[in-house]
Amino acid sequence: MARGKVLALTQGDPAGIGPEIALRAWLRRREEALPPFALIGSASFMTGLAERLSLDVAIAKTTPDTAAALFDTALPVIDIGHAVDAVPGVPSSRWAAGTIAAIDLAVRLIQEGRCAAVVTNPIAKHVLYEAGFAHPGHTEYLAVLAAGPGEPAPHPVMMLWSEELAVVPVTVHIPLAAVPAALTRELIVETGRIVARDLKERFGIARPRLAVAGLNPHAGEKGALGSEDEAVIAPAVAALRAEGVEAGGPYPADTMFHARARRSYDAALCMYHDQALIPIKALAFDEAVNVTLGLPFIRTSPDHGTAFDIAGKGVARADSLCTAIRLAGRLAAAEA
């Protein structure tokens with residue numbers, strides 16, 4: 001990571017656990033060997049929350065250029081200029097503008113070269129929708145912000161990463177019944193291409209190996225259990241291999257995730273949300289990290305939501321956020 005630059009950590013929904021785990025991550029900065037980060041949010045809200053939770057965290061309102069020097073003794077906060085008075089566990093669209101402003105500012109600081117990477121705390125899409133948010137989700141909005149004037153948004157790819165397993169859902173937040181129609185050869189190829197490129201360029205894997213899951217049980221059983229595996233997925237795998245990507249499949253998903261199988265690939269391309277997220281959450285529930293590939297900047301986030309039900313109760317765990325911060329720092333250092 002470039003000397004003097006911090007990671008930009010967004011506040012997330014202030015009624016969720018994001019602000020709390022940011023405080024807890026700072027308290028664990030030494031034992032977790034975390035790179036310096038600055039919270040993008042409300043300094044006064046963070047001060048009040050630390051007092052409410054009886055956490056010994058000094059809050060220092062600062063700028064991106066001075067944040068790194070403060071990190072050892074205080075949590076640097078780059079203020080968004082929006083008043084926030086959220087009650088933990090009580091979501092409200094009143095705070096949506098501040099949540100969006102934190103995302104906007106984090107991306108702008110990256111684009112200006114003043115921060116090293118973006119780490120995002122969880123947001124609640126339904127809360128933002130109530131305030132008129134017009135984007136499908138967090139990742140799609142980041143892609144729009146990443147585009148230059150008049151340019152189309154890049155295609156973002158969600159990868160869930162842990163030391164044990166990395167998975168990519170080719171289709172993400174759509175109903176299961178809509179998956180077969182959404183699953184195209186072009187989508188699989190574009191996703192695999194982005195994953196292979198970023199694993200090589202950002203993760204330093206010289207020749208990334210992709211294992212591509214089938215859609216149907218037994219990868220379709222030669223068409224007996226569905227046609228998509230032979231008609232769509234297999235041609236996509238062949239196209240990736242023709243481009244020089246080391247891809248294999250389609251494989252039966254029920255045999256892809258045991259320990260011996262995992263040693264044979266660097267990332268698994270899965271055809272729908274739960275096919276990807278169930279195995280990684282079973283193996284690394286508290287440590288998995290969401291990494292967005294395909295963007296012109298590094299973005300990681302914890303692999304969990306706002307958890308309104310436990311916000312403010314002092315039980316939220318910062319494990320996934322700590323891993324997200326550490327991974328963002330590692331990727332930023334490699335890029336620098």
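Taken from SG in C115 to NZ in K5, the straight-line distance is 8.5 Å, to the nearest 0.5 Å. Between L75 atom CG and L27 atom CG the span is 9.0 Å, to the nearest 0.5 Å. Interatomic distance, W161 CH2 to T323 OG1, rounded to the nearest 0.5 Å: 7.5 Å. Taking NE2 of H173 as the reference point, atom CD of E140 lies at 8.5 Å (rounded to 0.5 Å). Distance check: T184 OG1 to E190 CD gives 10.0 Å after rounding to the nearest 0.5 Å. Between M159 atom CE and L269 atom CG the span is 10.5 Å, to the nearest 0.5 Å.
Hydrophobic clustering, with ILVMFWY side chains joined whenever heavy atoms are under 4.5 angstrom apart, groups V84 together with V77. At a threshold of 4.5 Å between side-chain heavy atoms, the hydrophobic network of Ile, Leu, Val, Met, Phe, Trp and Tyr places V168 and L183 in one connected group. Under the 4.5 Å side-chain heavy-atom criterion for Ile, Leu, Val, Met, Phe, Trp and Tyr, I78 and I325 are members of distinct hydrophobic clusters. Grouping the Ile, Leu, Val, Met, Phe, Trp and Tyr side chains by contacts below 4.5 angstrom, directly or via other members, places L199 with I194. Under the 4.5 Å side-chain contact rule for hydrophobic residues, V144 and I123 do not share a cluster.
Taking both residues in full, the closest heavy atoms of E230 and P235 are given as O-CD, 3.3 Å, listed atom of the first, atom of the second, then distance. Pairing each heavy atom of P169 with each of L277, the nearest pair is CG-CD1, 4.4 Å. Across all non-hydrogen atoms, the minimal contact from A124 to T306 is N-CG2, 3.8 Å. The shortest non-hydrogen separation linking V232 to R185 is CG1-N, 3.5 Å. Nearest heavy atom pair, residue L34 against residue C322, reads CD2-O, 3.5 Å. For M271 against V179, the heavy-atom pair with the smallest separation is O-CG1, 3.8 Å.
Applying the side chain to side chain contact (heavy atoms under 4.5 Å, CB included) test to R260 and every residue at least two apart in sequence or in another chain returns H258, R263. Remark: E130 engages S93, H126 in a side chain to side chain contact (heavy atoms under 4.5 Å, CB included) (not counting sequence neighbours). Partners of A178 according to the side chain to side chain contact (heavy atoms under 4.5 Å, CB included) rule, which considers only residues two or more places apart in sequence or in another chain, are I174, P175. Residues satisfying the side chain to side chain contact (heavy atoms under 4.5 Å, CB included) criterion with A196, sequence neighbours excluded, are L210, V245.
For Q11 and N121, the side-chain atoms include no donor-acceptor pair closer than 3.5 Å.
Side chains of L215 and Y272 form a contact here, defined as non-hydrogen atoms less than 4.5 Å apart. You'll find the side chain of M158 reaches within 4.5 Å of the side chain of V172, heavy atoms only. Here the side chains of L7 and P35 are in contact, with some heavy-atom distance below 4.5 Å. Counting heavy atoms from C-beta on, the side chains of R202 and E335 come closer than 4.5 Å. P302 has its side chain within reach of P122: a pair of non-hydrogen atoms, C-beta onward, lies under 4.5 Å apart. Between P208 and D198 there is no side-chain heavy-atom pair separated by less than 4.5 Å. Taking 4.5 Å as the limit, some side-chain heavy atom of L321 sits within range of a side-chain heavy atom of L9.
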Quick one: side chains of residues 17-26, donor-acceptor pairs under 3.5 Å with protein atoms, not counting sequence neighbours, listed by atom name and distance.
from, atom 1, to, atom 2, distance (Å)
E20, OE1, G312, N, 3.4
E20, OE2, R24, NE, 3.1
E20, OE2, R24, NH2, 3.3
R24, NH2, G314, O, 3.3
W26, NE1, F71, O, 2.9
W26, NE1, A74, O, 3.2

Enumerate donor-acceptor pairs with a distance under 3.5 Å from any side-chain N or O in residues 246-255 to protein atoms, sequence neighbours excluded.
from, atom 1, to, atom 2, distance (Å)
E246, OE1, R207, NE, 2.9
T255, OG1, P252, O, 3.2

Distance-only donor-acceptor hits, side chain of residues 280-298, under 3.5 Å, sequence neighbours excluded:
from, atom 1, to, atom 2, distance (Å)
D286, OD2, R317, NH1, 3.4
T292, OG1, R299, NH1, 2.7

Distance-only check: which donor-acceptor pairs under 3.5 Å involve side-chain atoms of residues 95-108, not counting sequence neighbours?
from, atom 1, to, atom 2, distance (Å)
T99, OG1, W95, O, 3.2
D104, OD1, Y141, OH, 2.5
D104, OD2, Y141, OH, 3.4

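Among pairs with a residue in residues 74-87, none fulfils side chain to side chain donor-acceptor pair (under 3.5 Å), at least two apart in sequence or across chains. Residue pairs meeting the side chain to side chain donor-acceptor pair (under 3.5 Å) criterion with at least one member in residues 58-68, sequence neighbours excluded, are T62-T66, T63-T66, D65-R114.
With V170 as the fixed residue, the side chain to side chain contact (heavy atoms under 4.5 Å, CB included) test singles out one of V195, I233, L187, V157: L187.
In this structure, D229 does not pair ionically with K222, as no charged nitrogen and carboxylate oxygen lie closer than 4.0 Å.
Side chain of Q275 to main chain of G214: a donor-acceptor pair is present (N/O by atom type, distance under 3.5 Å, no hydrogens or angles). Within the 3.5 Å criterion, the main-chain N or O of G223 finds no donor-acceptor partner in the side chain of S227. Within the 3.5 Å criterion, the main-chain N or O of A267 finds no donor-acceptor partner in the side chain of R209.
Annotation for R94: atom CZ does not count as buried by contact number, only 12 or fewer foreign heavy atoms lying within 6.0 Å.
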### Task
Just do the salt bridge (Lys or Arg N to Asp or Glu O under 4.0 Å) check on R262 and E164 with the steps written out, would you?
CA-CA 8 Å; R262 296 198 307 271; E164 294 82 8; over 6 Å; no
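Applying the under-4.5 Å side-chain rule to Ile, Leu, Val, Met, Phe, Trp and Tyr, the cluster around V87 extends to V90. Through side-chain heavy atoms spaced under 4.5 Å, either directly or across other Ile, Leu, Val, Met, Phe, Trp or Tyr residues, I278 is tied to no other residue.
Taking the six-membered ring where the residue is Trp, Y265 and F257 present perpendicular rings, their angle passing 60° and hence far from 30°.
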